[in-house]
Protein chains: 2
Amino acid sequence: MCGMAHEATPPAPGRVELETRDARLPLHARLRDALAARIASSEWTPDRPLPAEAALAGHYGVALGTMRRVLGDLVELGLLERRHGAGTFVRRATFDASLFRFFRYGDPQATAPTSRILDVRRAVLPPEAAGPLGEAAGATALHLHRLRLRDDRPLLVEDIWLPLPRFAGLDHLTEPHLDGGLGELLYPAYEKRCDIVIASAEEVLTVGAAGAADALLLRCARYEPLVVVERTARTHDGTPVEWRRSRGRAADFRYRIEIR
Amino acid sequence: MCGMAHEATPPAPGRVELETRDARLPLHARLRDALAARIASSEWTPDRPLPAEAALAGHYGVALGTMRRVLGDLVELGLLERRHGAGTFVRRATFDASLFRFFRYGDPQATAPTSRILDVRRAVLPPEAAGPLGEAAGATALHLHRLRLRDDRPLLVEDIWLPLPRFAGLDHLTEPHLDGGLGELLYPAYEKRCDIVIASAEEVLTVGAAGAADALLLRCARYEPLVVVERTARTHDGTPVEWRRSRGRAADFRYRIEIR
DNA sequence: AAGTGGTCTAGACCACTAG
DNA sequence: TAGTGGTCTAGACCACTTT
């Protein structure tokens, strides 16, 4: 009876009011939005569980079943993950190395891809990166130039742009001990050194042609067709914080989609 | 109390036993599989609703909430769709024209794509189609050659292969009044004339080069890069029934993916 | 008006994980 | 063993669609 949308009495002690705007929306939808907002605000981190579902239900004054539905919805949306017996956690992105799902060479299961960072330096954001990142035109940022290989064969060339005040924690890696501080994957480094948790991303695939530099690094002919993947990665609150452009030989490209 | 997995007493009248193998699986999972099997068997068609959730729950002797969860799972899996007040229906595929989501030309919202069927005839299945369709190497099938356009500009060339005993209902279209019997979309024709409901598909994207015939039809240069999409479409029981290969200029190609 | 799915509550019991 | 999520039940009431 408590916590119903049409409830007029003040909330019981320890209970919390939900947004009254959109009061027409079902309780579970308002609850979902309220929790999504708390997740976006980084109130919880991926390494510690949220309060138990029973505690959350009590906090908001809703039935356990309603809270379970809301948490399930947030799992489906990719914001949370639940571990039986352990708790409910904010989700950490796992698509860091996922570019390789597009490019076939060798046995994807058998051989682990590797990274070679060719260059790290401060530079002016190019317009194609400044736009998606919501940064000013002439802003300065950290620029990584990276090669990704499988079996010592170059598969992908990457340019990665990281807006600078925010990624200052990676700045000292500008020194020549290049591969020293960054491991195979970048997202764990973002989290450890800059407290930035990547939560979602958008990728756009197009086809282009190899320039002179691409041809050299990818060991292919100039003007050979390349598949270009541009990724904008975001934190939980939707702020874009990384933009990268990856290029690989179109002949190696193969993408499989399952529809409905 | 009734219908529990460990229930030893015989089912009450009007109640149905679920598979006893996998009796360790939760009730909702066994129920889901049972309903999925009935959907695959074409027991229900997209134009008439399934029995109401209350009837299904009674039939299997489970609580309403359990049946609701199962039906929700099947909606998520893309097998069913629910319409408030109207009922629960087997889902009809809606991705017939979805190739256009890859190719940009004109305003996708403003201009409707059109089809021009260039040829329909019986022919021997090529090996690349016979494999995915699970057909014998030399089998004969119906072959459609089709051009898809937007604003009178050719965007896609398609070769579509339909195994023949099954698609005999389209066979008389081999006569010269080509576009007569097939509309803009093929899947509604499959359903009306051959009783085949497409439910899911797999698409593989690669990059190739334009041959002489492609170049002519797509009005592009020979050897210009093309994006090649190969689709295997299946019925609800997973049987592959259509294989098509579509080609379009890589310069027009743009694919956007949202990750988690 | 009758019948359908959608929301919300309440509570019992089970299975898993961690300290 | 304490605490977490997972399963299942039971039933009240609401919102929508159809006839």
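Counting all heavy atoms, side chain and backbone alike, B:T232 lies closest to B:W243 at OG1-CD1, 3.3 Å. Considering all non-hydrogen atoms of both residues, B:P240 and B:P132 come closest at CG-O, 3.3 Å. Closest of all the heavy-atom pairs between B:A57 and B:A63 is CB-O, 4.1 Å.
In this structure, CZ on B:F167 lies 6.5 Å from CD on B:E242, to the nearest 0.5 angstrom. Taking NE2 from B:H28 and CG from B:D73, the interatomic distance works out to 7.0 Å, rounded to the nearest 0.5 Å.
The stretch residues 43-55 of chain A touches DNA chain D through A:A52, A:E53, each having a heavy atom within less than 4.0 Å of the strand. Contacts with DNA chain C (heavy atom under 4.0 Å) in residues 66-75 of chain A: A:T66, A:R69, listed by number. The stretch residues 80-88 of chain B touches DNA chain D through B:H84, B:G85, B:A86, each having a heavy atom within less than 4.0 Å of the strand.
Nucleotide C:dC14 holds its P atom 16 Å from the NE2 atom of B:H28, rounded to whole Å. Distance B:L56 CG to C:dT4 C1': 12 Å, rounded to the nearest Å. The CG atom of B:L25 sits 15 Å away from the C1' atom of C:dC14 (whole-angstrom rounding). Between the CG atom of A:L64 and the C1' atom of D:dC8 there is a distance of 13 Å, rounded to whole Å.
Considering only heavy atoms from C-beta on, B:W44 comes within 4.5 Å of B:L35 through its side chain. Put simply, the side chain of A:V197 reaches to within 4.5 Å of the side chain of A:P46, judged on heavy atoms. With a 4.5 Å cut-off on side-chain heavy atoms, A:L144 and A:L186 count as touching. The shortest side-chain heavy-atom distance between B:R166 and B:T239 falls under the 4.5 Å cut-off.
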Walk me through whether B:E202 and B:V204 qualify under side-chain contact (heavy atoms from CB on, under 4.5 Å).
CA-CA 7 Å; B:E202 173 194 333; B:V204 175; 3.7 Å; yes
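Qualifying ring-ring contact (aromatic ring centres under 6.0 Å, His included) partners for B:W161, counting only residues two or more places apart in sequence or in other chains: B:H143.
Between A:R234 and B:E258, at least one side-chain N (NZ, or NE/NH1/NH2) sits under 4.0 Å from a carboxylate O, which counts as a salt bridge.
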Base-pair map of DNA chain C as dot-bracket, where | denotes pairing with a different strand and pairs are Watson-Crick or G-U under 3.5 Å:
||||||||||||||||||.
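Counting only residues at least two apart or on different chains, the salt bridge (Lys or Arg N to Asp or Glu O under 4.0 Å) pairs with a member in residues 77-88 of chain A are A:E53-A:R82, A:E81-A:R83.
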